[in-house]
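Working notes, beginning with the structure itself.
Position 1 is the first residue of the sequence, and the numbers go up from there. All values reported here derive from a predicted model rather than from experimental measurement.
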Amino acid sequence: MKVNEDTFPDPVPAQDGVEDRRQRKARQTRNALAAAALDLILERGLADVTVGAVADRADVTRRTFSRHFVGKEDAALDFVRGDGDRINALLRARPADEPPLLAYRRAVADWLADRENPASHIRPRMRALLALVDTEPALFAAYERIRVDAQEESIRIIADRLAVDDVRDLRPAVVVDAAAGVLTAALRAWARGIQADHSDADPDADPGERRDAHPGDRPEDHHDPDAVDLAALVEQAYDALMGEAALAASHRTTPVSGK
(Lines give C-alpha, C1' and ligand atoms only; values in the text may rest on other atoms or scores of the structure.)
Protein backbone atom coordinates (compact mmCIF):
# COMPACT_ATOMS: atom_id res chain seq x y z
CA MET A 1 0.00 0.00 0.00
CA LYS A 2 1.32 3.40 -0.92
CA VAL A 3 1.72 5.74 2.03
CA ASN A 4 0.27 9.22 1.87
CA GLU A 5 3.34 11.42 2.08
CA ASP A 6 1.15 14.50 1.65
CA THR A 7 -0.05 13.93 5.22
CA PHE A 8 3.06 15.76 6.39
CA PRO A 9 3.94 19.29 5.38
CA ASP A 10 7.40 20.00 4.11
CA PRO A 11 9.84 21.38 6.67
CA VAL A 12 10.62 25.07 6.77
CA PRO A 13 12.44 25.83 3.49
CA ALA A 14 16.15 26.59 3.63
CA GLN A 15 16.95 30.29 3.45
CA ASP A 16 18.73 29.96 0.12
CA GLY A 17 15.74 28.05 -1.28
CA VAL A 18 17.98 25.31 -2.65
CA GLU A 19 18.25 21.67 -1.62
CA ASP A 20 20.64 19.27 -3.25
CA ARG A 21 19.45 15.90 -4.48
CA ARG A 22 20.61 14.04 -1.37
CA GLN A 23 18.72 16.39 0.93
CA ARG A 24 15.54 16.06 -1.12
CA LYS A 25 15.80 12.27 -1.06
CA ALA A 26 16.35 12.22 2.69
CA ARG A 27 13.36 14.51 3.23
CA GLN A 28 11.15 12.34 1.02
CA THR A 29 12.23 9.21 2.88
CA ARG A 30 11.56 10.81 6.26
CA ASN A 31 8.12 11.98 5.15
CA ALA A 32 7.30 8.50 3.81
CA LEU A 33 8.32 6.88 7.11
CA ALA A 34 6.34 9.40 9.14
CA ALA A 35 3.24 8.89 7.01
CA ALA A 36 3.63 5.11 7.19
CA ALA A 37 3.89 5.18 10.98
CA LEU A 38 0.84 7.40 11.31
CA ASP A 39 -1.27 5.28 8.96
CA LEU A 40 -0.30 1.96 10.55
CA ILE A 41 -0.86 3.15 14.13
CA LEU A 42 -4.32 4.43 13.27
CA GLU A 43 -5.14 1.27 11.29
CA ARG A 44 -3.84 -1.35 13.74
CA GLY A 45 -3.26 0.36 17.06
CA LEU A 46 0.10 1.28 18.55
CA ALA A 47 0.78 -2.10 20.20
CA ASP A 48 0.34 -3.99 16.92
CA VAL A 49 2.76 -1.86 14.89
CA THR A 50 6.48 -2.63 14.68
CA VAL A 51 9.36 -0.61 13.31
CA GLY A 52 9.78 -3.31 10.69
CA ALA A 53 6.20 -2.87 9.53
CA VAL A 54 6.70 0.90 9.23
CA ALA A 55 9.88 0.40 7.21
CA ASP A 56 8.15 -2.14 4.95
CA ARG A 57 5.20 0.20 4.36
CA ALA A 58 7.62 2.96 3.35
CA ASP A 59 9.66 0.50 1.25
CA VAL A 60 12.93 1.09 3.10
CA THR A 61 15.13 -0.95 5.44
CA ARG A 62 15.00 -0.87 9.25
CA ARG A 63 18.50 0.60 9.16
CA THR A 64 17.18 3.50 7.10
CA PHE A 65 14.36 3.96 9.61
CA SER A 66 16.90 4.17 12.44
CA ARG A 67 18.78 6.94 10.65
CA HIS A 68 15.68 9.13 10.87
CA PHE A 69 13.79 8.12 14.02
CA VAL A 70 14.35 6.49 17.40
CA GLY A 71 11.01 4.69 17.36
CA LYS A 72 7.57 4.34 15.78
CA GLU A 73 6.10 6.94 18.14
CA ASP A 74 8.73 9.49 17.16
CA ALA A 75 8.01 8.82 13.48
CA ALA A 76 4.23 9.13 13.78
CA LEU A 77 4.59 12.44 15.60
CA ASP A 78 7.13 13.97 13.25
CA PHE A 79 4.48 16.53 12.24
CA VAL A 80 4.60 17.93 15.78
CA ARG A 81 8.31 18.60 15.35
CA GLY A 82 7.69 20.27 12.00
CA ASP A 83 4.98 22.49 13.46
CA GLY A 84 7.27 23.52 16.31
CA ASP A 85 10.03 24.42 13.87
CA ARG A 86 7.62 26.50 11.83
CA ILE A 87 6.24 28.38 14.85
CA ASN A 88 9.77 29.17 16.01
CA ALA A 89 10.76 30.41 12.55
CA LEU A 90 7.74 32.72 12.56
CA LEU A 91 8.52 33.85 16.10
CA ARG A 92 12.04 34.88 15.02
CA ALA A 93 10.48 36.94 12.24
CA ARG A 94 8.16 38.94 14.49
CA PRO A 95 8.99 42.67 14.94
CA ALA A 96 11.67 43.22 17.58
CA ASP A 97 9.58 45.79 19.50
CA GLU A 98 6.59 43.44 19.88
CA PRO A 99 5.98 42.24 23.47
CA PRO A 100 7.08 38.58 23.78
CA LEU A 101 3.69 37.11 24.68
CA LEU A 102 2.02 38.96 21.82
CA ALA A 103 4.83 37.93 19.47
CA TYR A 104 4.28 34.25 20.30
CA ARG A 105 0.51 34.57 19.92
CA ARG A 106 0.88 36.21 16.52
CA ALA A 107 3.48 33.65 15.41
CA VAL A 108 0.94 30.91 16.18
CA ALA A 109 -1.76 32.82 14.28
CA ASP A 110 0.59 33.20 11.30
CA TRP A 111 1.33 29.46 11.42
CA LEU A 112 -2.35 28.57 11.40
CA ALA A 113 -3.05 30.93 8.50
CA ASP A 114 -0.03 30.06 6.34
CA ARG A 115 -1.11 28.88 2.88
CA GLU A 116 2.35 27.97 1.60
CA ASN A 117 3.39 25.84 4.60
CA PRO A 118 0.05 24.75 6.08
CA ALA A 119 -0.15 23.58 9.68
CA SER A 120 -0.33 19.79 9.76
CA HIS A 121 -3.56 19.67 11.77
CA ILE A 122 -5.56 20.47 8.64
CA ARG A 123 -4.43 17.22 7.05
CA PRO A 124 -6.76 14.21 7.29
CA ARG A 125 -6.47 11.94 10.38
CA MET A 126 -4.44 14.35 12.50
CA ARG A 127 -7.31 14.85 14.93
CA ALA A 128 -7.45 11.06 15.46
CA LEU A 129 -3.72 10.85 16.12
CA LEU A 130 -3.74 13.74 18.58
CA ALA A 131 -6.65 12.14 20.42
CA LEU A 132 -4.65 8.90 20.63
CA VAL A 133 -1.76 10.75 22.27
CA ASP A 134 -3.89 11.19 25.41
CA THR A 135 -4.59 7.46 25.69
CA GLU A 136 -1.22 5.92 24.75
CA PRO A 137 1.56 6.55 27.30
CA ALA A 138 4.37 5.87 24.81
CA LEU A 139 2.90 8.31 22.30
CA PHE A 140 2.36 10.88 25.03
CA ALA A 141 5.99 10.58 26.15
CA ALA A 142 7.23 11.08 22.59
CA TYR A 143 4.88 14.03 22.13
CA GLU A 144 6.16 15.64 25.33
CA ARG A 145 9.82 15.24 24.30
CA ILE A 146 9.17 16.92 20.97
CA ARG A 147 7.09 19.67 22.58
CA VAL A 148 9.73 20.43 25.22
CA ASP A 149 12.48 20.63 22.58
CA ALA A 150 10.43 23.17 20.61
CA GLN A 151 9.68 25.22 23.72
CA GLU A 152 13.33 25.32 24.75
CA GLU A 153 14.13 26.83 21.37
CA SER A 154 11.27 29.31 21.83
CA ILE A 155 12.75 30.33 25.18
CA ARG A 156 16.11 31.02 23.54
CA ILE A 157 14.40 33.13 20.88
CA ILE A 158 12.51 35.19 23.47
CA ALA A 159 15.67 35.60 25.54
CA ASP A 160 17.47 36.97 22.48
CA ARG A 161 14.59 39.38 21.83
CA LEU A 162 14.82 40.64 25.41
CA ALA A 163 18.63 40.57 25.42
CA VAL A 164 18.66 38.56 28.65
CA ASP A 165 20.16 35.32 29.95
CA ASP A 166 17.39 32.74 29.94
CA VAL A 167 19.03 30.92 32.86
CA ARG A 168 19.05 33.95 35.17
CA ASP A 169 15.95 35.74 33.88
CA LEU A 170 12.65 33.91 34.29
CA ARG A 171 10.69 35.98 31.78
CA PRO A 172 11.47 33.99 28.61
CA ALA A 173 10.49 30.68 30.23
CA VAL A 174 7.37 32.15 31.82
CA VAL A 175 6.22 33.66 28.54
CA VAL A 176 6.82 30.49 26.53
CA ASP A 177 5.34 28.12 29.10
CA ALA A 178 2.19 30.24 29.28
CA ALA A 179 1.85 30.86 25.54
CA ALA A 180 2.70 27.31 24.47
CA GLY A 181 0.43 25.97 27.19
CA VAL A 182 -2.45 27.87 25.65
CA LEU A 183 -1.74 26.28 22.27
CA THR A 184 -1.48 22.81 23.81
CA ALA A 185 -4.79 23.26 25.63
CA ALA A 186 -6.50 24.35 22.41
CA LEU A 187 -5.03 21.43 20.45
CA ARG A 188 -6.17 18.91 23.06
CA ALA A 189 -9.66 20.41 23.12
CA TRP A 190 -9.79 20.32 19.32
CA ALA A 191 -8.64 16.69 19.27
CA ARG A 192 -11.46 15.79 21.68
CA GLY A 193 -13.96 17.38 19.29
CA ILE A 194 -14.66 20.52 21.30
CA GLN A 195 -15.87 23.26 18.99
CA ALA A 196 -15.06 26.95 19.18
CA ASP A 197 -17.70 29.42 20.23
CA HIS A 198 -18.72 31.39 17.14
CA SER A 199 -21.39 33.42 18.93
CA ASP A 200 -19.60 36.65 18.02
CA ALA A 201 -19.51 35.82 14.31
CA ASP A 202 -21.89 37.40 11.81
CA PRO A 203 -24.34 34.62 10.86
CA ASP A 204 -24.89 36.22 7.45
CA ALA A 205 -21.20 36.58 6.65
CA ASP A 206 -19.50 34.62 3.89
CA PRO A 207 -17.64 31.71 5.61
CA GLY A 208 -14.51 32.68 3.72
CA GLU A 209 -14.61 36.09 5.36
CA ARG A 210 -14.91 34.91 8.95
CA ARG A 211 -12.06 35.88 11.21
CA ASP A 212 -11.07 32.26 11.87
CA ALA A 213 -11.07 31.17 8.23
CA HIS A 214 -7.86 29.78 6.77
CA PRO A 215 -6.79 27.11 4.27
CA GLY A 216 -8.87 23.98 4.79
CA ASP A 217 -12.14 25.93 4.98
CA ARG A 218 -12.78 25.27 1.30
CA PRO A 219 -14.06 21.82 0.26
CA GLU A 220 -11.68 21.72 -2.67
CA ASP A 221 -8.70 21.72 -0.31
CA HIS A 222 -9.56 18.15 0.80
CA HIS A 223 -8.50 18.88 4.35
CA ASP A 224 -10.19 18.07 7.66
CA PRO A 225 -13.46 20.03 7.38
CA ASP A 226 -13.35 20.87 11.10
CA ALA A 227 -9.73 22.02 11.11
CA VAL A 228 -10.73 25.66 10.70
CA ASP A 229 -12.16 25.54 14.21
CA LEU A 230 -8.69 25.20 15.77
CA ALA A 231 -7.76 28.78 14.87
CA ALA A 232 -10.85 30.04 16.69
CA LEU A 233 -10.15 27.79 19.70
CA VAL A 234 -6.60 29.11 19.91
CA GLU A 235 -7.80 32.72 19.84
CA GLN A 236 -10.37 32.01 22.55
CA ALA A 237 -7.72 30.27 24.66
CA TYR A 238 -5.36 33.24 24.40
CA ASP A 239 -8.20 35.60 25.26
CA ALA A 240 -8.90 33.47 28.33
CA LEU A 241 -5.25 33.66 29.41
CA MET A 242 -5.15 37.43 29.00
CA GLY A 243 -8.44 37.84 30.84
CA GLU A 244 -7.29 35.73 33.79
CA ALA A 245 -3.96 37.57 33.93
CA ALA A 246 -5.73 40.94 33.97
CA LEU A 247 -8.09 39.74 36.68
CA ALA A 248 -5.23 38.46 38.81
CA ALA A 249 -3.31 41.71 38.35
CA SER A 250 -6.32 43.74 39.49
CA HIS A 251 -6.44 41.77 42.75
CA ARG A 252 -2.71 41.70 43.40
CA THR A 253 -1.72 43.00 46.83
CA THR A 254 1.69 44.09 48.04
CA PRO A 255 2.90 42.06 51.04
CA VAL A 256 3.48 44.16 54.13
CA SER A 257 6.98 43.81 55.47
CA GLY A 258 7.22 42.09 58.85
CA LYS A 259 3.71 40.59 58.76
### Task
Could you pull out all residues at least two apart from E98 that satisfy side-chain hydrogen bond (donor to acceptor under 3.5 Å, both in side chains)?
R94, R106
To the nearest 0.5 Å, what is the distance between [atom1] on [X] and [atom2] on [Y]?
{"X": "I87", "Y": "L112", "atom1": "CD1", "atom2": "CG", "answer": "7.5 Å"}
{"X": "Y104", "Y": "I157", "atom1": "OH", "atom2": "CD1", "answer": "9.0 Å"}
{"X": "L183", "Y": "R147", "atom1": "CG", "atom2": "CZ", "answer": "10.0 Å"}
{"X": "L33", "Y": "D59", "atom1": "CG", "atom2": "CG", "answer": "10.5 Å"}
{"X": "W190", "Y": "L233", "atom1": "CH2", "atom2": "CG", "answer": "10.0 Å"}
{"X": "I41", "Y": "K72", "atom1": "CD1", "atom2": "NZ", "answer": "6.5 Å"}

#### Entry: Joint cluster assignment, V234 & L102, ILVMFWY side-chain distance < 4.5 Å
no
#### Entry: Cluster overlap V51 with L38, hydrophobic side-chain contacts below 4.5 Å
yes
With [X] via salt bridge (Lys or Arg N to Asp or Glu O under 4.0 Å) - residues at least two apart:
{"X": "R192", "value": "none"}
{"X": "E136", "value": "none"}
{"X": "D149", "value": "none"}
{"X": "R62", "value": "none"}

### Task
Hydrophobic side-chain clustering at under 4.5 Å (ILVMFWY, transitive links): who's grouped with L170? Put none if nobody.
V174
Using side-chain heavy atoms (C-beta onward) and a distance below 4.5 Å, is [X] in contact with [Y]?
{"X": "I158", "Y": "L91", "answer": "yes"}
{"X": "L129", "Y": "Y143", "answer": "no"}
{"X": "V133", "Y": "V80", "answer": "no"}
{"X": "E152", "Y": "V148", "answer": "yes"}
{"X": "Y238", "Y": "V108", "answer": "yes"}
{"X": "T64", "Y": "R67", "answer": "yes"}

Of all residues at least two apart in sequence or in a different chain, which pass the side-chain contact (heavy atoms from CB on, under 4.5 Å) check with [X]?
{"X": "R22", "answer": "D20"}
{"X": "V70", "answer": "D74"}
{"X": "A53", "answer": "L40, R44, T50"}
{"X": "D169", "answer": "V164, R171, P172"}

What pair of heavy atoms forms the shortest contact from [X] to [Y], and how long is it?
{"X": "L90", "Y": "A107", "value": "CD1-O, 3.6 Å"}
{"X": "V60", "Y": "T29", "value": "CG1-CG2, 4.1 Å"}
{"X": "A150", "Y": "G84", "value": "CB-CA, 4.1 Å"}
{"X": "A138", "Y": "E73", "value": "CB-OE2, 3.6 Å"}
{"X": "V182", "Y": "L241", "value": "CG2-CD2, 3.5 Å"}

### Task
Just grab all the side-chain hydrogen bond (donor to acceptor under 3.5 Å, both in side chains) pairs involving residues 155-166, residues at least two apart or on different chains.
E153-R156
### Task
Taking only Lys NZ, Arg NE, NH1 and NH2, and the carboxylate oxygens of Asp or Glu, determine whether R57 and E43 approach each other closer than 4.0 Å.
yes
### Message
Regarding D83 and R86, does a basic nitrogen lie under 4.0 Å from an acidic carboxylate oxygen?
### Response
no
### Counterpart residues, ring-ring contact (aromatic ring centres under 6.0 Å, His included), relative to F69 (two or more places apart)
F65
### Task
If the plane angle is over 60° it's perpendicular, under 30° parallel, otherwise tilted; pick one for W111 and H121.
tilted
### Task
Report, as yes or no, whether the 6.0 Å neighbourhood of atom CZ on R188 holds more than 12 heavy atoms from other residues, nucleotides or ligands.
no
### Query
So, the side chain of R105 versus the backbone of A179: is there a donor-acceptor pair under 3.5 Å, distance only?
no
